[in-house]
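Have a look at the structure below, then the notes.
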Amino acid sequence: MTNQGRNGQWRFASLCTGPDVSVEAVVNPALDDQHGWDHILEITPPQNNILPADLQTHLISCFAQIKTTRGKKAETTVKLSNAVKAAKSPLPSFVFLFHYNKTGKPVLYGKHIWKDEIRNYLKRARQAGDAPLYKKTVTVKFTAADRLSCNPVDWVLAVLATCGGDAYTLEKRKHVDSVGYETETHTGNFELGPLKSHADVVMHEIGLLADLPVTSFKLFDTRFGIKASTPLQELTDGRVRFTHEGRPVTVKLRSSNGDEIELPGLAWAPSMIPLEHPEFRIRVKAGHIDIVTEPGNIDNHQTVQLNVQFDLQEERPFIEQAGLLALTNWSSFGPVSVSVEVAQGQLFGATINLDAPLEAWAKECWVCAQYFLNILGSDRCKTTSIALLDFHRFMRDYFALASIQDSNSIRFEGLFESEMAEFSKLVGYSYGQFGDWTFGAIHEFEVVSQSQEGKKFTVYLTKPEITHKFVFARPLAQSVDHIARDFQSFLARQAVPVATFDDGDLFEWGRSNKSNGTVAIQVHDPLGSA
């Protein structure tokens, strides 16, 4: 397999019978022989005669150990110190084994020290702790798949090509630096104090206290789940902060008269204090609404600690702004019920009450907020942001329409020169833009009764229903044309007489009625009479 040259180098000869060998490998005795890597394998790849010398493929250097055995198994041992050196070296490392059978004929095996071996050797080194690595060994086992039937140099080149090629060193270093850190990377020991009470720990873990004092802190590198014996960092006095991701929850608010709104929220609970501890608290935050409560029976609607903070000029998801408006308005009628839920069921129930005077702007904004929640839907309101101050300005054009939609019943009176024809319902359409969304809707009011005495016309209508709506992310003009066409088709399908205000455009009617009180009513009779 080998022959010794005059300069003490070892050259791999081909195991094959072919007359030519395309590459040459020189095995030099390793200079640092104390680590046991006997040889540095230098491979000169095939050269391209067209390229100048400075552009030819560079020399490839590898560590190599050449072992022999006459044992029953094709295996050998390597000192753990040598194995770790092979794992951490940027150079490729190989172990070659001559396994002699009973007749004395050798079989050559080759093993590339790669990802599985690197993991194993580094883990063994971490497990060894402070013990000398050169006093421990690792076993290198060979299988039939490791048997070499070709020129070993060609095999080495083929292996390197599949393990990163020219980027081999980078690929190996990346694996060496990351292997064993897939789960934990560091472990810390600390002592808290001085603390006023366990409540400090609870308040910090649920995000209501910025940090905690510590009198001792040690940070250890942790690899393969094994903590290093010596800390990377050690402190005797400082502050510590733990960051906890809140658990997604749904917060349902219900007014005393049964109105509901669902808000996305987050919930926190302490991990260092047991559930049965008297200081244990749960925190739930849904937009502006921040509540803290004790764990208890989910059916026990106990009063909780409530904190509400808001900035009129801060942009927030509209669903959060609507939640604040709902709580503000509903609290004026009495306690508001809260149900905190996850996919598996209800976490707890409670009652809250915002003890603050109801401002006129809050009432008006809530009326319009209900209208947009109904039109846009909850999901779009979660992704559309607006400041309360901007919403208050924006909603003025929609307040009349939203007020009608919010009414339980409507009485309409007007003075008309001619007698009003009988009709069964009043219909109309609305449209608008909110954030990136434009929308259209058809509204329908059932007639309870209508009468006319002289010029005075009176009609009583039920709470309006939205019979059709759409929401699109497109220019407003397109949605206006769309809903106007839909409304004309809707009128054509009616089997009973219906009335409209200003040709059915409730948005324009709401604005004009607010300014001058003038309105035109048209009755559409499917039988053709007017």
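Note that the structure is predicted; figures quoted are calculated from it, not measured. This chain uses plain numbering: 1 for the first residue, then up along the sequence.
Using a cut-off of 4.0 Å between Lys/Arg side-chain N and Asp/Glu carboxylate O, Arg119 and Asp116 are scored as not salt-bridged. A salt bridge links Arg411 with Glu413: at least one charged nitrogen is closer than 4.0 Å to a carboxylate oxygen. By the 4.0 Å N-to-carboxylate-O rule, Lys115 lies close enough to Glu171 to be salt-bridged with it. Salt bridge absent: Arg254 and Asp259 never bring a charged side-chain N and a carboxylate O closer than 4.0 Å. The pair Asp211-Arg241 does not count as a salt bridge, with every side-chain nitrogen at least 4.0 angstrom from each carboxylate oxygen. Salt bridge annotation for Asp177-Lys172: absent, with no cationic side-chain nitrogen under 4.0 angstrom from a carboxylate oxygen.
In this structure, Phe242 has its ring center under 6.0 Å from that of His204. Between His482 and Phe470, the distance separating the two ring centers is shorter than 6.0 angstrom.
The cationic group of Lys227 lies under 6.0 Å from the six-membered ring centre of Phe220 and within 45° of the ring axis, placing it in a cation-pi geometry.
For Phe487 against Asp503, the heavy-atom pair with the smallest separation is CE2-O, 3.8 Å. Among all heavy-atom pairs drawn from Pro248 and Val342, the shortest one is O-CG1, 3.9 Å. The minimum heavy-atom distance between Asn353 and Pro335, with the atom names listed, is ND2-N, 3.5 Å.
Applying ring pair (Phe, Tyr, Trp, His ring centres under 6.0 Å) to Phe372 and the options Phe434, Trp366, Phe399 leaves one that passes, Phe434. For the side chain to side chain contact (heavy atoms under 4.5 Å, CB included) with Thr462, the qualifying choice from Val447, Ile410, Val448, Leu426 is Val448, the only one to do so.
Phe280 CZ: more than 12 foreign heavy atoms inside a 6.0 Å radius.
Under the 3.5 Å distance criterion, the side-chain polar atoms of Ser339 are left unmatched by any main-chain donor or acceptor of Lys252.
Classified by interplanar angle (parallel below 30°, tilted 30° to 60°, perpendicular above 60°), the ring pair Phe412/Phe416 is tilted.
Between Met272 and Pro270, every side-chain heavy-atom pair lies at or beyond the 4.5 Å cut-off.
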